[in-house]
Number of protein chains: 2
Amino acid sequence: MKEHKKLPSAVIKRMPRYYRYLTTLQQMGISRISSRDLGNRMGVTASQVRHDFFSFGASGLQGYGYDVDLLRQEIRDIFGLDDLFSVIIIGAGNLGHALAKYSGFEKNGYKIAAIFDVKPEIIGERINDIEIIHLDKLQEYVQDNHVDIAALTVPEIRVLEVAKLVTDNGIKALWNFSPIELLASDDIVVENIQMIDSLMVLGYNLRTAEAKLNPN
Amino acid sequence: MKEHKKLPSAVIKRMPRYYRYLTTLQQMGISRISSRDLGNRMGVTASQVRHDFFSFGASGLQGYGYDVDLLRQEIRDIFGLDDLFSVIIIGAGNLGHALAKYSGFEKNGYKIAAIFDVKPEIIGERINDIEIIHLDKLQEYVQDNHVDIAALTVPEIRVLEVAKLVTDNGIKALWNFSPIELLASDDIVVENIQMIDSLMVLGYNLRTAEAKLNPN
DNA sequence: TAGATTGTTAATCGATTAACAATC
DNA sequence: TAGATTGTTAATCGATTAACAATC
């Protein structure tokens, strides 16, 4: 694998967006794209596109643009998408179900391997061919199966104990959907999906936009 | 309402976090907090806390700290949380169900008013006392009821047509959960929840952390 | 008063944009 | 060759951190 310098965090956060747009272009049968055209589609400047691609070792061609397939594959390499991360879901409620049923993860390099819950009546069921296993069997499971990431879709009051259980069993990445924010440590990486934060920003922007149209 | 200058977008995005931490402090019965203590809990510098609070007109007291209730209320004012935004959910799948069942939105100033879907067999059902209405009735509904925000939890292939339907009916804020990104316009504000982006960043950070522990 | 902590400006750092030579 | 577009540095802009006087 090619060595990459440590990328600025602003670039890392933008790369999944580039990846999504490149995937769409590929599906549309478009094989090359200029920084200007891509920037227009995404609502960013051409300069930023080139600067970002340069920062991870671009594969463009002067006077031509970027090769969509090649560039997309470079992002796949950087994010390790061809290595197929193994993800388990803790909590088989509606949100856990929604994640398990969504086929987009598998397509992009993340395999949902199992779902854990504690409700006896659903243990053994399958969602999208993924088995629901009792949380008591987690230790056993991680001994027999490699697990990269745990998605936490448990009720708010359970999330701290579940996070402890999961990390005590050697899992080093938490994808947390509860409104209780988990903090990363030296050893554990965390992504919090804080839906309420996003909703608050949306509401703020709505009020700001309305105030601009309708000053009083 | 107090007038606020236009806030830097970095500050706006951090404010929901402050708000969550202040709410937790309030629930713990803590009535005042220093920038240092709050920063430590959140993993940010005290300087940034003070700078941020200053930028929206802080309410601290030298030698004392910030009044938790007062500060929290100021954030509520800025985000309009006491005005109760009205939110409708389009798409009563698992994700729509999960949103409808989550009580945290209502508690924080966002009322889920109705859920729309097209599956005849679920029309009229109630989730968490919120009625499922046929999408054909949307126009009628928005004429009779004020709607601020539409949460889009429809299948990927439907999201563009649904976004058009919703905005054609005068709704100006879209909270989009599909992997098809919607772009904001002059008239329409958008928040995209791109779960796959968050997962990719998590996977990247996991690999980077592992590479640091285990260089080879 | 002495100690603590904010309010606020200045300094630094990082991210974005502009510019244009290089080159396909 | 002429036109297009990247690669790359420099300039600008915005965000973060440091510093310390003000003051509770």
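Chain letters run A, B, ... following the sequence lines, proteins first, then strands; residues in each count from 1. Computed from a predicted model, the values in this text were never measured in an experiment.
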Measure centre to centre between the rings of A/Y19 and A/F79, then say whether the value is under 6.0 Å.
-> no

Is there a donor in the side chain of B/E181 and an acceptor in the side chain of B/N176, or the other way round, less than 3.5 Å apart?
-> no

To the nearest angstrom, how far is B/L71 atom CG from C/dT6 atom C1'?
-> 13 Å

Rounded to the nearest 0.5 Å, the CD1 atom of A/I188 sits from the OG1 atom of A/T167 at a distance of 5.0 Å

Pick from B/F105, B/F85, B/Y102: which one makes a ring-ring contact (aromatic ring centres under 6.0 Å, His included) with B/Y110?
-> B/F85

Separation of atom CG in A/L7 from atom P in C/dG14, rounded to whole Å | 15 Å

Any donor-acceptor N/O pair, B/T24 side chain to B/R20 backbone, under 3.5 Å = yes

Given C/dT16, is OP1 or OP2 found less than 4.0 Å from the side-chain N or O atoms of A/T45?
-> no

Nearest of D/dT17, C/dT16, D/dT6 to any side-chain atom of A/A10?
-> C/dT16

Atom CD of A/Q48 and atom C1' of C/dA15: how far apart are they, to the nearest Å?
-> 8 Å

DNA chain C base-pair string [pairs: Watson-Crick or G-U under 3.5 Å; |: paired with another strand] = ..||||||||||||||||||||||

side-chain contact (heavy atoms from CB on, under 4.5 Å), paired with B/I90, selected from B/W175, B/F116, B/F177 = B/F116

Shortest non-hydrogen contact between B/P179 and B/Q194, atoms and distance | CA-OE1, 3.5 Å

Shortest non-hydrogen contact from B/I171 to B/D148?
-> CG2-O, 3.9 Å

Work out which heavy atom in A/V68 is nearest to a heavy atom in A/Q26; give both atom names and the distance.
-> CG1-N, 4.0 Å

Please enumerate all protein N or O atoms sitting under 3.5 Å from an N or O of nucleotides 7-10 of chain C, with distances to 0.1 Å.
| from | atom 1 | to | atom 2 | distance (Å) |
| --- | --- | --- | --- | --- |
| C/dG7 | OP1 | B/G60 | N | 3.1 |
| C/dG7 | OP1 | B/G60 | O | 3.2 |
| C/dG7 | OP2 | B/Y66 | OH | 3.0 |
| C/dG7 | N7 | B/R50 | NE | 3.3 |
| C/dG7 | O6 | B/R50 | NE | 3.2 |
| C/dG7 | O6 | B/R50 | NH2 | 3.1 |

Taking every non-hydrogen atom, the tightest pair across B/K13 and B/P16 = O-CD, 3.5 Å

Judged by modelled atom types alone, do B/D69 and B/Q73 share a side-chain donor-acceptor pair under 3.5 Å?
-> no

Figure out the CG/P separation between A/N40 and D/dT5, and round it to whole Å.
-> 12 Å

Which ones in residues 11-22 of chain A lie close to DNA chain C, meaning a heavy atom under 4.0 Å from one of its atoms?
-> A/R14

For B/R36 and for A/V44, find the nucleotide of DNA chain C with the closest heavy atom, then tell me which residue's nucleotide is more 5'.
-> B/R36

